[in-house]
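For clarity, every value in this text was computed on a predicted model and none was experimentally measured. A note on names: the letters A, B, ... follow the listed sequences, proteins ahead of strands, and every chain is numbered from 1.
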Amino acid sequence: MQKVRVRFAPSPTGPLHIGGARSVLFNYLYAKGHGGTLILRIEDTDLERSKREYEEGIKNSLRWLGLTWDEGIDVGGPYEPYRQTERLELYHQYAQKLIEAGHAYECFCTEEELEEQREICRQKGELPRYLNRCRNLSPAEKKKLAEDRKSVIRFLVPEGQVVEIDDVVRGQVRYETDGIGDFIIIKSDGIPTYNYAVVIDDAQMEVTHIIRGEEHLSNTPRQVLLYKALGIDPPVFAHVSLILGKDRSKMSKRHGDTSVDEYKKKGYLPEAINNFLALMGWSPEGEEEIFSMEQLISLFSLDRVAKNPAVFDLEKLNHINGYYIRNSSIEMITKMAVPYLQEAGYIKGNLTEADEKWLQGVISVARNYISYMAEIVDHVDVYFNDRFIITDDAALQALKGDQVPAVLDLLQQKLNNELQLTPDRVKELLKEVAAELSLGGKKVFLPIRAALTGAARGPELHDLIPLLGAERVAARIKHSLGQI
RNA sequence: GGCCCGUUGGUCAAGCGGUUAAGACACCGGCCUUUCACGCCGGUAACAGGGGUUCGAAUCCCCUACGGGUCACCA
């Protein structure tokens, strides 16, 4: 059995897209699960749109997701270089071979002439395409044309043939070559086109499995034709269906956040994103859906990849992310929260060890309320802000009860007598207050909550009070009572 | 438009000729909690339509409809 070699080959024309992330994930899982190699190759042959900063961005997103590559850009390997614009010579060598073998030829048609040909097609009611004008130019004609015209190299598509693709996820797919025009493999500026460069690279880098998005399925016959002309066996293809937006069209900006980086900024966990993405287009055998990367690696297989496209469901991502936020170590989640709290002005400067410990207490309660880290700032005011203004009507009313002064007094007394306030201990104290005053819960808990937070809803009092301490409790009670 | 791929609850999906058609998210109800959230338990909800094949079709075949992809000197 041949050693598995897969690749992710993005064009650096934008940040890493959620769909692209799913593609790398599948390649990564397949490689790791088979002791194989994942290659990262940069397809930057679109000189207009490719930018180094995008390449950096994509690499950063990949590293953040933990989808590391074994070979390719930055890490090197036996088939360097891994950036297509640095591999031009290779493409020209093979193009020359294809020409010599009669599989490719130079074409001198100008833009105007191509437009004429398209017009002819349109008038005949056919689809506009290239009419193979330059297929059989004589050496003399070529020489003459070459004097004042640039040329491209076209692949000569054989007529009347059928190309069969055995796709691991889609089964056997057939295409007739007559529907494919002679396509350009080297542009007039000497840069190869995608369909050509991808084949040369995958062949030369000995890629064994191509796992990519379904949008490439229609391109595959061209690539297979190229493999044949080169005398190389094509790799195994696995075309994974697309990720769609809510309206079932290809996911784009208007569907919300589409780049991995945006999710990172909002405070999603890479583990959660990988877990979620793995579930888009692939399904495990059992009923469990939460998986660590190790589990995904051992579970993933191409024959459980679905044929139908999947609509991106942000609610489910949020659910999975929320699960990870609640179940990851509190130290890590707290560290993650700090930047958001700083930005919102809740914390400034460096944290002492005691601050950090206290913050962990806050976060361990507040994390029950959020789906992604940026939301944390909406749930921590109650721990930081002692000078709240009571606007909640229910809270205001609750503080006006006759029993309120006695309740609050007794609570403070009890808190002051404790050396160490723990949630369990506070729970007991609250019960004692109710019992000793012979009052129902509503007359005790609601006023206390109102006095301490200014609101009728919020975290458990036994979680809140230990985090505030007796002094701040006293201060808040005073502050609140002053407002009625 | 040609070619290609697809169509199971609102969404992700299991199913690969015989099932009470899983599970997850969302939604609804209950429990826990004298609040909210978390958590736990339960519920509503689906085989696009029409023809075949078969004793029997969500599963196999054909047609229709719908959705998507692709047909560039973009990738």
Side-chain angles (χ1 to χ4, degrees), chain A residues 9-13 43-50 84 107 109 111 114 118 125-130 150-154 165 167 169-171 173-176 178-181 183-195 197-198 213-222 239 241-242 244 246-250 276 279-290 304 306-320 322-323 326 365-370 379 394-395 398 430-431 434 440-446 449-450 453 455-462:
Chain A
S11 295
T13 54
E43 308 211 329
D44 58 345
T45 55
D46 184 341
L47 270 21
E48 296 284 307
R49 297 194 299 148
S50 295
Q84 288 187 329
C107 167
C109 292
E111 190 48 51
L114 291 173
R118 291 189 203 109
E126 290 172 9
L127 218 66
R129 64 183 187 103
Y130 177 70
K150 282 186 161 183
S151 67
V152 299
I153 299 176
R154 285 184 187 268
I165 298 158
D167 191 283
V169 345
R170 322 213 84 87
V173 184
R174 314 163 119 246
Y175 287 91
E176 293 185 12
D178 292 0
I180 307 170
F183 55 91
I184 293 170
I185 59 174
I186 302 278
K187 301 184 247 183
S188 59
D189 58 2
I191 305 291
T193 57
Y194 162 74
N195 279 121
V198 79
E214 195 194 353
E215 71 262 36
H216 293 288
L217 185 57
S218 304
N219 280 317
T220 309
R222 290 180 180 76
H239 287 96
S241 56
L242 269 19
L244 273 24
K246 228 174 175 55
D247 61 357
R248 300 212 142 258
S249 67
K250 199 171 171 179
F276 170 71
L279 263 18
M280 296 244 94
W282 170 82
S283 65
E285 270 183 61
E287 293 180 354
E288 189 57 40
E289 290 201 332
I290 299 288
R304 291 191 69 84
K307 290 180 170 66
N308 51 313
V311 172
F312 184 87
D313 184 3
L314 185 61
E315 304 225 43
K316 182 140 183 180
L317 204 214
N318 281 341
H319 169 80
I320 292 177
Y323 177 88
R326 266 167 248 119
V365 179
R367 69 171 166 181
N368 289 314
Y369 292 78
I370 63 171
H379 299 273
L430 287 167
K431 276 187 181 161
K442 209 173 182 183
K443 295 203 164 195
V444 177
F445 291 80
L446 189 55
R449 176 178 303 286
T453 69
R457 291 170 154 197
E460 300 279 6
L461 291 175
H462 58 254

For residues A/P192 and A/K187, report the shortest heavy-atom separation together with the two atoms involved. O-CE, 3.6 Å
A/R49 versus A/D46, closest heavy-atom pair with distance: NE-OD2, 2.9 Å
Parallel, tilted or perpendicular: which describes the rings of A/F276 and A/F312, with under 30° parallel and over 60° perpendicular? perpendicular
Round to a whole Å and report the spacing from [atom1] of [X] to [atom2] of [N].
X: A/D178; N: B/rG2; atom1: CG; atom2: P; answer: 17 Å
X: A/L244; N: B/rC5; atom1: CG; atom2: C1'; answer: 12 Å
X: A/I320; N: B/rA13; atom1: CD1; atom2: P; answer: 12 Å
X: A/K442; N: B/rU35; atom1: NZ; atom2: P; answer: 11 Å
X: A/R118; N: B/rC71; atom1: CZ; atom2: C1'; answer: 12 Å
X: A/F276; N: B/rU11; atom1: CZ; atom2: P; answer: 14 Å
X: A/R170; N: B/rG68; atom1: CZ; atom2: P; answer: 15 Å
X: A/N219; N: B/rA72; atom1: CG; atom2: C1'; answer: 11 Å

Rounded to whole angstrom, note down the [atom1] distance from [N] over to [M].
N: B/rU54; M: B/rC62; atom1: C1'; result: 16 Å
N: B/rA58; M: B/rG15; atom1: C1'; result: 8 Å
N: B/rA46; M: B/rA22; atom1: P; result: 11 Å
N: B/rG23; M: B/rA14; atom1: P; result: 15 Å
N: B/rU59; M: B/rG1; atom1: C1'; result: 33 Å
N: B/rA57; M: B/rU20; atom1: P; result: 15 Å
N: B/rC38; M: B/rC27; atom1: P; result: 9 Å
N: B/rA37; M: B/rC31; atom1: C1'; result: 15 Å

Any side-chain N or O of [X] under 4.0 Å from OP1/OP2 of [N]?
X: A/K431; N: B/rU34; answer: no
X: A/K187; N: B/rA75; answer: yes
X: A/R304; N: B/rG15; answer: yes
X: A/R248; N: B/rG6; answer: no
X: A/S218; N: B/rC71; answer: no

Could you check which nucleotide pairs with [N] in any of the strands shown, counting Watson-Crick or G-U wobble with both distances under 3.5 Å?
N: B/rC40; value: B/rG30
N: B/rC60; value: B/rG52
N: B/rC3; value: B/rG69
N: B/rA24; value: B/rU11
N: B/rC47; value: none

Regarding A/T193 and A/N195, is there a side-chain donor-to-acceptor distance under 3.5 Å anywhere? no
Listed nucleotide nearest any side-chain atom of [X], set [options]:
X: A/Y175; options: B/rC36, B/rC4, B/rG68; value: B/rC4
X: A/L242; options: B/rC5, B/rC73, B/rG69; value: B/rG69
X: A/I184; options: B/rA14, B/rC5, B/rC73; value: B/rC73
X: A/V152; options: B/rC73, B/rU7, B/rU70; value: B/rC73
X: A/E460; options: B/rC36, B/rA14, B/rC12; value: B/rC36
X: A/R222; options: B/rC71, B/rA75, B/rC3; value: B/rC71
X: A/R154; options: B/rC38, B/rA14, B/rC73; value: B/rC73
X: A/E215; options: B/rC38, B/rC12, B/rG69; value: B/rG69

Could you tell me whether the side chain of [X] has a donor or acceptor atom within less than 3.5 Å of a complementary atom in the base of [N]?
X: A/Y369; N: B/rC38; value: no
X: A/E111; N: B/rC73; value: no
X: A/N308; N: B/rA13; value: no

Under 4.0 Å, heavy atoms only, any strand: does [X] hit a base, just the sugar-phosphate, or nothing?
X: A/R174; result: sugar-phosphate
X: A/P10; result: nothing
X: A/G440; result: base
X: A/S188; result: base
X: A/T45; result: sugar-phosphate
X: A/C109; result: base
X: A/G179; result: nothing
X: A/K250; result: sugar-phosphate

Taking it one step at a time, do A/Y194 and A/R222 satisfy side chain to side chain contact (heavy atoms under 4.5 Å, CB included)? CA-CA 11 Å; A/Y194 162 74; A/R222 290 180 180 76; over 6 Å; no
Full working for side chain to side chain contact (heavy atoms under 4.5 Å, CB included) between A/K316 and A/E289: CA-CA 11 Å; A/K316 182 140 183 180; A/E289 290 201 332; 2.7 Å; yes
When the nearest nucleotide of RNA chain B is assigned to A/P192 and to A/D247 on a heavy-atom basis, which residue is associated with the more 5' position? A/D247
Of A/E176 and A/L47, the one whose nearest nucleotide on RNA chain B sits closer to the 5' end is A/E176
Starting from the C-alpha separation in whole Å, work towards a yes-or-no answer on side chain to side chain contact (heavy atoms under 4.5 Å, CB included) for A/L217 and A/Y175. CA-CA 11 Å; A/L217 185 57; A/Y175 287 91; 3.8 Å; yes
Heavy-atom count check: over 12 atoms from other residues, nucleotides or ligands less than 6.0 Å from A/K443 NZ? no
Letter by letter from the 5' end, nucleotides 22-30 of chain B scores (B base, S sugar-phosphate only, - none; protein heavy atoms under 4.0 Å) SBBBS----
For the side chain of A/R449 and the backbone of A/P459, is there at least one donor-acceptor N/O pair under 3.5 Å apart? yes
Excluding sequence neighbours, so at least two apart, what forms salt bridge (charged side-chain N to carboxylate O under 4.0 Å, His left out) with A/E460? none
Looking at A/E111 and A/R118, does any basic side-chain N land under 4.0 Å from a carboxylate oxygen? yes
